[in-house]
Amino acid sequence: MSDRTVISVAGTPGYDVVVGRGVRHQLREALPPAARKVLIVHQPTLGAIVNDLREELLADGSLEVLLAEIPDAESAKRVEVAAFLWQILGQADFTRTDAIVGFGGGAATDLAGFAAATWLRGVEVVQMPSTVLGMVDAAVGGKTGINTAEGKNLVGAFWSPRAVLCDLDLLDPLPRNELVAGYAEVVKAGFIRFPEILEIIEADPERAVDPSTPEFRRTVELAIRMKADVVGEDFREAGLRETLNYGHTLGHAIEHAERYQWRHGAAVSIGMMFAAELSRLAGRLGDDAVERHRAILTSLGLPTSYRAGAWSQLLATMQRDKKARAGQLRFIVLDEIGKPTVLQAPDQSLLFAAYQEIAEEQAPGGVIRVGAR
Ligand code: GLY
């Protein structure tokens, strides 16, 4: 385990994000020493690895290990699935000193975190993300929750994990399109904080998204460091954390328009292109930086345009989201690469003009659809 990288997240208490190959085997050390029971909440595709992990934990002799297989992706984030976990915890007499492990993509870690936040008013959770998106975003920062019929993430809690183990071995079998879509959040970290990420992609986009390369590892670690720094400073999203929403305001509206059949990163990619154009039209960002967005996203196979006729629908969704948060329409824009800021209540004509810059006759295909390999 010599090649592991430890990234600390500040807080009371803080915690470590451990990145490296094989770090899942550190799970016992990451659990609370006093725990006598552990519930591993995992997605179906991870069943074989989970059984091995269970054997490892049982070898310790001091733990009872329970497994809960949950549905894939967003269908895990339902109150019925949370109730299924509460039932297991209740029947197993889980106490405050026991612990939950979230093992899977962002939906699995969000749900496991939510179960941990709510059981006995809070038990410890160790997150083991198995996707790029989970490692660089969902599993770090303590946002947990489930969806309701009225919208995504409407029920939840800020609940920090005890540790996050990012085992890069888990990424090797993933379909390329899933890696690329998850990598959009790494690119975001390049645009809003660490231009080094952009330089690495520009040098060789194929190597950047290949989990076997040092370039991939470096960029993923930088993205995690960014997230760790931001949530360490602003856990409850009073200010700085909002900058992580770069590309997400329009991105969420696109996900909604596509009935959540698009990968999150694909929608965010278009959202970032829109945010860059908006930054330029607002007189903040230069042409070169905007074209850099287009070139980098395109070089990775990520989409940068969306249907010309969709604007009024997208705007209505963004307005509704805004109302749900009792605020004004706000976009994260860039003053320059690495310098995000908030653009509050921009003029609708400015928004429309920015959209015209990314509008196409047809929606793009390829990488974006859930299930496309
Ligand atoms: N995914 C954005 C955040 O954690 O704040």
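Remember, it's a predicted structure, so these values are computed and weren't measured experimentally. Each ligand, and each atom within it, is numbered from 1 in the order the structure gives. We count residues from 1, following the sequence as given.
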Given H248, K188, K143, which has its nearest heavy atom closest to atom 3 (C) of ligand 1?
K143

Sole residue of R280, M272, K339, H293 in side chain to side chain contact (heavy atoms under 4.5 Å, CB included) with L334:
H293

So the atoms of ligand 1 within less than 4.0 Å of a heavy atom of L244 turn out to be 3 (C), 5 (O)

Sub-4.0 Å heavy-atom contact, K227 with ligand 1
yes

Tell me if the aromatic rings of F331 and Y246 count as close, with their centers under 6.0 Å from one another.
no

Would you please name every residue forming a side-chain contact (heavy atoms from CB on, under 4.5 Å) with R207, sequence neighbours left out?
D204, T213, P214, E215

Grouping ILVMFWY residues whenever side-chain heavy atoms fall under 4.5 Å, the cluster of L120 otherwise contains L39, V41, L66, I70, V79, V81, F84, L85, W86, I88, L89, F94, I100, L111, F114, W119, V123, V125, I146, V155, W159

Closest approach of any protein heavy atom to atom 5 (O) of ligand 1, naming residue and atom:
R241 NE, 2.7 Å

Ligand 1 and D137, any nitrogen or oxygen pair closer than 3.5 angstrom?
yes

Are the charged groups of R294 and E291 less than 4.0 angstrom apart, N to O?
yes

